[in-house]
Protein chains: 2
Amino acid sequence: MASSQSALLWLVLGISGAALLFAVFLSRWVLARDRGDAAMQRISNAIQEGAEAFLARQYKTIGLLSIVVAVLIYIGYAFFRPAETGADALPASTLALYTTLSFLLGAICSGFAGFMGMWVSIRTNIRTASAARSSLNAALQTALRGGAVSGLFTVAMSLIGVAGLFWILDAFAPAGITAEDWTRRIPFLIVGFGFGASFVALFAQLGGGIYTKAADVGADLVGKVEAGIPEDDPRNPAVIADLVGDNVGDCAGRGADLFESTAAENIGAMILGVLLFPFFGVRGVLFPLVVGAVGLIASIIGVMVVRTSGDEDPMSALNRGFYATSALVGIAFFFLCRWLLASPAAPDAWLNFFYCALIGLATAFAFVYITQYYTEYRYRPVLSIAEASQTGPATNIIAGLAVGMESTVLPVITVAIAIVGSYYLGQNSGLTDTAGNPVGGLFGTAVATMGMLGTAGYILAMDVFGPITDNAGGIVEMSEQPDSIREKTDRLDAVGNTTKALTKGYAIGSAALAAFLLFSAYLDEVRLLTGTELTVNISKPQVFVAGLLGAMLVFWFSSLAMTAVRKAAQSVITEVRRQFREMPGIMKGTQQPDYGRCVDIVTVGALKAMVFPGALVVCFPIIVGLVFKQFGIGAEAVAAFLMIATIAGILMAGFLNNGGGAWDNAKKYIETGSYGGKKSDAHKAAVVGDTVGDPFKDTAGPSLHVLVKLLSTITLVLAPLFI
Amino acid sequence: MASSQSALLWLVLGISGAALLFAVFLSRWVLARDRGDAAMQRISNAIQEGAEAFLARQYKTIGLLSIVVAVLIYIGYAFFRPAETGADALPASTLALYTTLSFLLGAICSGFAGFMGMWVSIRTNIRTASAARSSLNAALQTALRGGAVSGLFTVAMSLIGVAGLFWILDAFAPAGITAEDWTRRIPFLIVGFGFGASFVALFAQLGGGIYTKAADVGADLVGKVEAGIPEDDPRNPAVIADLVGDNVGDCAGRGADLFESTAAENIGAMILGVLLFPFFGVRGVLFPLVVGAVGLIASIIGVMVVRTSGDEDPMSALNRGFYATSALVGIAFFFLCRWLLASPAAPDAWLNFFYCALIGLATAFAFVYITQYYTEYRYRPVLSIAEASQTGPATNIIAGLAVGMESTVLPVITVAIAIVGSYYLGQNSGLTDTAGNPVGGLFGTAVATMGMLGTAGYILAMDVFGPITDNAGGIVEMSEQPDSIREKTDRLDAVGNTTKALTKGYAIGSAALAAFLLFSAYLDEVRLLTGTELTVNISKPQVFVAGLLGAMLVFWFSSLAMTAVRKAAQSVITEVRRQFREMPGIMKGTQQPDYGRCVDIVTVGALKAMVFPGALVVCFPIIVGLVFKQFGIGAEAVAAFLMIATIAGILMAGFLNNGGGAWDNAKKYIETGSYGGKKSDAHKAAVVGDTVGDPFKDTAGPSLHVLVKLLSTITLVLAPLFI
């Protein structure tokens, strides 16, 4: 192992390890907070129990599916992969072993990251609720630091997994291959890690997303609309299931989502770094990991500087943390580019790549602001939905759908500028191949992606802040605390809704960039496998058709996700109605509802419902690849399938996420007293929109982020079978 | 002019002229029917007046916009088009003149086809209403034959326009060019005709679509929901506007839509026919026109065989007509292929192309059946929406959106099979270029498209049948005829809803095939202009980004269309509420509402709202082309933009059309008495879904068909400017 390689890997592993230790320290700090009174604890324990029971059953299902896929990968690689030729050929069994083990490791790490996020958040919620009894700042810090445990664990685990795999494989260099050639091969051998991570992330996000919204929709429709009791009222039998859902959907799901974003981005960027080996050597390959590690430090600092006074908007405090993190990441990029991307052949290339990183950071900012514009009630879009609610639910729905569709415009323009701009900077960085053609373009887009994901740790902390404060509010309400405390958690909850929306905008933006990276990596892999450059010419009928099928998959999957929520919600509704009917003491407050039964029903419903859509996403690209292989254009068709599915996925996810967020806040705006306020007809119409938006923004939308990346990683792993 | 060319053109012009004469005969037959009593006539006159006033103002706006575009095309071609070189070079001013005149002729013919459709339908509605007083069969025949006038006019005008232009240009062959070379050039010189047709179709469909749904939503929300009066109640001030809308949206709009489908398909197929000149000569170029002309005869026979007895489902009668037309078209294809596509170089090629035609006919059938499955309440999708209505409007909406998204799956698979299958048959037809490469594939897809559009005349007759029966029902209701008559028109109206849904399925399927044809023509044009084959490689970042922008345009446009409806509807609601408030005699039936004021408000609202979305669709591809030209890949980027916009457009249109149709029929299913029937909570929820579906299925969805084809024709015309 070259000494610089070894040093860089130790740097990455060291920082990531330190970040994990810091996460443990933070979690101890959070766990040392006060656990509130007995009433609070009873509710918190019920949430904890339900969430852990769901996760245990969900992970069992995902584990079984993962083993099936691992076996299939092994068989595919060992028996159906074309044998390698050339000096550095590896036996099929070795390739199969590496890929399968990478897949399993990715799956395990992704699952663990999701589990940790939830483990901490279900313990932080009650402490945040209790802290709200002393001060807003205490509650804010408790919630954010609880979220940070999840954020740090996720990013650090991802870095440790990739760097660790790199390090282990490096030790197994086969005889007859130079150290340098082996280093250049490793990124291709660990693509299974990204696939494993995406695979688990898809099921975690989808199952959790179905769970959370089935419980939410079911609880709202019977509780708020039919029985006329407020949100989080302890008389609602589905209320615990609803609170459990926040944890398993938002914490565990998004944790797995961003875990795989960083993992996939790192592996994709490393593959593109290999292309530039003549200029940067191993430093270019490991650059993404070093950037990720330094981003972790920036995120820790960002989290620790957040504090607020009583009368300030808590969102401003969180924004300050984000600015601090971004600024630190920006500065770090300057030095890291100068250090690691220095090449005598192109002395100014590092500066261009630094600009690419700035483009990535700016893209993150743009997404955050655009998402705010479309989902906050200070601005026209949400206000137009609120206004349309006056003429009833139908116009509210039409307005919300229109806002959701419109909200894709600016993000697409942003992504377009980011991709073309960073590519242009990369192409003009002075790096050329032996024939004099510029070659730095794709690495430019990779660096922009790194810039965008550099702040991932902080963003994820903000995101998990959302369900924690949501739960804290629920605990305060159900344990019947004084209004002044509820008022504090309400303020934090409103901020949490915003941060959740922002993260989704950020996640979809980074998914767009990462996906572009990944299919560049795919093309690169195909080029290495076949020896010729792959063009993806969609003017060929078969390739066009493959693209059409890719876009169709996005519509189909969205349909399945929403239907799953509706069906599971209907079983909750039936159960809640049954309890109200058979246990009349519930509404009088003399009898405790059977919370556990609702939790069970949602658990079973969500797990059953997630299998088909998840399996569809995994099987569809494989079928497309194998069918079009018969026409002799398997690899090209799969590429078109992937790219156009990505385009459709990005747009659909933006539509669903922002539409859902806008409906939610249109309802909140009316609740502030406009258009008749609570209980008015406009409010009733807005509740309909909010309910429709639930599966949009918390089930189908976020699952599409993962779908986009899963398609990329699955094709990256299975490319050899399509050629 | 070669004698076979001359003979074929005369054949096309002769048959089309005869079809026009027959249409005149049919319209005289319809006009000779009884015009009912004075009450009916008063209402019919009001509808007629409103519709003609709208069309007059709309055509004025469209006319002005067309003149602006014509001037811009002339300037672009005369001053910014790269000068032609080579033996057959034409002066820039000549090219500019031909293209501009083609554009204007296309625009005029398209407008005229739309106008004729509406002119007849607003005169047929009252005669259908009156015929319903004697028998169901009389009413059915009156409505269908009225619709047939529109169908025949549309297809015949399209054929006459294209064949006529071909014939005129043929007379202006410049010196120094052989007759054969000139024949091969003409299809490229008349692409402006397709653009003109699409341009008018977009505004006609969009403006009409906004009008019809703004009036419908406005009338329903205040009338049915707030005031509790039935549909088409004469006390509703917006009821005339609603009936006018059926004519201007469904008749004029769809007429223009299918006019441009056939025009664009013919021109695209002729361009591909030029490629096969060495095999088929001018016969291959004129084949699409001959097929279209023979399809007209088949449609006439199909319309004339439709009759029904009192107790039969009228849909069965209409289906028989469709089967007859399809069978005749199929048989005609056999002989036409054998006659016109015979080549000594590939003696069996014609048989392969005949199979392609059968694929096209089968595709039309598949679309008709799939659409029925997703929009009729005999099947699972609509029943699932009805069931979900029991738990309120939110679950109704979620279910409807999911059904709409799911409904894209089978059509996409159908289109995929049709494109790949017909391409494969064409490639294996034995036609090869001098290097031995197969060249018949694209013409195979073209023949499949002709097969699908061969029945266009009949399909359009069925489509216009819809608004005619809808209007007839309205006239019967408003003139307070006995229930037995209303019952007959209700049965026809239900069938009309089905036929309207089917036509939309058919229109989107044919738009998919025609668009594929058109961008093959675009690539061909670019090849001729640059001398090199254009590959559309979406793995290039700029090309990918262009594709992303294309998909985004579809979301943006859909958003604008739905917002336009919502805004115009809200102004109707405000006006109706004002009339109810200020004129208390209306509800008592002692005072006549001010129908005209509502008609005016919708007219102004729809016209204002259509300009921006329409202009966006025209300008966006031009901007993309000119911007990416700076990166040196204008033509390639535009192709990707176009193709991915087409994919997104097809899916989105399918989602919107079928979702809207399914909601409509879920409501109708509940009205048959299920889940509590009319006035139940489930029914109220279903009304919300139906209202949301209105702009889906009658504004945004159908406008997207036109958008897809407009993008193709505009890029075809402007290709020289992007290179």
Side-chain angles (χ1 to χ4, degrees), chain A residues 217 221 225 388 391-395 397-399 401-403 405-406 408-409 412 415-416 419-420 423 441 445 516 519-520 523 534-539 541-542 544-545 547-549 551-552 555-556 558-559 562-563 565-566 569-570 573 639-640 643-644 647-648 650-651 655 688 691-692 695, chain B residues 217 221 225 388 391-395 397-399 401-403 405-406 408-409 412 415-416 419-420 423 441 445 516 519-520 523 534-539 541-542 544-545 547-549 551-552 555-556 558-559 562-563 565-566 569-570 573 639-640 643-644 647-648 650-651 655 688 691-692 695:
Chain A
V217 170
L221 284 182
V225 180
T391 37
T395 40
I397 298 288
I398 295 173
L401 292 169
V403 164
M405 288 178 178
E406 188 199 307
T408 60
V409 174
V412 161
V415 166
I419 290 180
V420 173
Y423 182 79
T445 62
F516 186 74
F519 43 73
S520 303
L523 296 174
L534 181 69
T535 57
V536 185
N537 183 2
I538 49 167
S539 67
Q542 302 96 324
F544 176 77
V545 161
L548 185 59
L549 291 171
M552 178 268 269
F555 279 73
W556 193 0
S558 306
S559 164
M562 295 207 296
T563 302
V565 171
R566 183 178 62 77
Q570 271 175 332
I573 290 171
M643 289 176 185
I644 296 177
I647 289 176
I650 293 167
L651 286 162
F655 160 54
V688 172
T691 310
V692 172
Chain B
V217 170
L221 283 182
V225 180
T391 37
T395 41
I397 298 290
I398 294 174
L401 292 170
V403 164
M405 288 178 178
E406 188 198 306
T408 60
V409 175
V412 162
V415 166
I419 291 179
V420 173
Y423 182 79
T445 62
F516 187 75
F519 40 73
S520 303
L523 295 175
L534 182 66
T535 57
V536 186
N537 184 2
I538 49 165
S539 67
Q542 304 94 324
F544 176 78
V545 160
L548 185 59
L549 291 170
M552 178 268 269
F555 279 73
W556 193 1
S558 306
S559 164
M562 295 208 294
T563 303
V565 171
R566 183 177 63 76
Q570 272 176 333
I573 289 171
M643 289 176 188
I644 296 178
I647 288 177
I650 293 167
L651 285 163
F655 160 55
V688 172
T691 311
V692 172

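Residue numbering restarts at 1 for every chain, and letters A, B, ... go by the order of the sequence lines.
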Chemist: In Å and rounded to the nearest 0.5 Å, what is the CG to CG distance from B:Leu523 to A:Asn537?
Modeler: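 Atom-to-atom, B:Leu523:CG and A:Asn537:CG are 8.0 Å apart.
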
Chemist: Is there a side-chain contact between A:Glu406 and B:Phe555 (heavy atoms, below 4.5 Å)?
Modeler: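 Sidechains of B:Phe555 and A:Glu406: no contact.
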
Chemist: Between chain B and each of A:Leu549, A:Val545, A:Val409, A:Val415, count heavy-atom pairs under 4.5 Å; write down the option with the most.
Modeler: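 With the most close heavy-atom pairs to chain B, the winner is A:Val409.
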
Chemist: Could you look at A:Leu651 and say if it's the side chain, the backbone, both or neither that has a heavy atom under 4.5 Å from chain B?
Modeler: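 Both the backbone and the side chain of A:Leu651 come within 4.5 Å of chain B.
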
Chemist: What closest approach, in Å, do A:Ser539 and B:Phe516 show between heavy atoms, and which atom pair accounts for it?
Modeler: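 Result for this residue pair: O-CZ, 4.4 Å.
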
Chemist: Could you tell me which non-hydrogen atom of A:Ile647 sits nearest to which non-hydrogen atom of B:Gly547, and how far apart they are?
Modeler: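 Result for this residue pair: CD1-C, 4.0 Å.
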
Chemist: At a 4.5 Å cut-off on heavy atoms, which part of B:Ala416 comes close to chain A: side chain, backbone, both, or neither?
Modeler: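 Interface part for B:Ala416: both.
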
Chemist: Please walk me through it: do A:Gln570 and B:Thr395 pass side-chain hydrogen bond (donor to acceptor under 3.5 Å, both in side chains)?
Modeler: CA-CA 9 Å; A:Gln570 271 175 332; B:Thr395 41; 4.8 Å; no

Chemist: Check A:Leu221 against B:Thr391 and note the closest heavy-atom contact, atom names and distance.
Modeler: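 Looking at all heavy atoms of both residues, the closest pair is CD1-O, 3.7 Å.
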
Chemist: Which answer fits A:Ala551, side chain, backbone, both or neither, if we ask what part of it has an atom under 4.5 Å from a heavy atom of chain B?
Modeler: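 Contact with chain B: backbone and side chain both.
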
Chemist: Go through the atoms of A:Phe544 and report whether side chain, backbone, both or neither lie under 4.5 Å from a heavy atom of chain B.
Modeler: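 It is both, since atoms from each part get that close.
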
Chemist: Tell me whether B:Ser559 contacts the main-chain N or O of A:Ala402 through its side chain, where contact means a donor paired with an acceptor under 3.5 Å.
Modeler: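 Yes; judged by distance alone, with no hydrogens or angles, the pair exists.
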
Chemist: With a 4.5 angstrom heavy-atom cut-off, which part of A:Pro695 approaches chain B: side chain, backbone, both or neither?
Modeler: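 Looking at A:Pro695, just its side chain touches chain B.
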
Chemist: Taking only residues two or more places apart in sequence, or in another chain, which ones meet A:Ala399 in a side-chain contact (heavy atoms from CB on, under 4.5 Å)?
Modeler: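 Expected list: A:Ile385, A:Ala388, B:Arg566.
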
Chemist: If you compare all heavy atoms of B:Val692 against all heavy atoms of A:Ala394, which two are closest, and at what distance to 0.1 Å?
Modeler: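 Result for this residue pair: CG2-O, 3.7 Å.
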
Chemist: Show the nearest heavy-atom pair for residues A:Thr408 and B:Met552, with the distance to one decimal.
Modeler: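 Nearest heavy atoms, A:Thr408 then B:Met552: O-CG, 4.0 Å.
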
Chemist: Quick check: closest heavy atoms across A:Pro393 and B:Val688, and the distance to 0.1 Å?
Modeler: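 A:Pro393 and B:Val688 have their closest heavy atoms at CG-CG2, 3.7 Å.
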
Chemist: Which of the residues A:Thr535, A:Thr691, A:Ile650 is involved in the greatest number of heavy-atom pairs with chain B at under 4.5 angstrom?
Modeler: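 Highest number of heavy-atom pairs under 4.5 Å: A:Thr535.
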
Chemist: Would you check, one step at a time, whether the test side-chain contact (heavy atoms from CB on, under 4.5 Å) holds for B:Ile398 with A:Thr563?
Modeler: CA-CA 7 Å; B:Ile398 294 174; A:Thr563 302; over 6 Å; no

Chemist: Taking side-chain contact (heavy atoms from CB on, under 4.5 Å) as the test, write out the residues that go with B:Ile538, two or more places apart.
Modeler: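 Once residues adjacent in sequence are excluded, the partners of B:Ile538 under the side-chain contact (heavy atoms from CB on, under 4.5 Å) criterion are A:Val536, A:Ile538, A:Met643, A:Ile644, B:Val543, B:Ala640, B:Ile644.
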
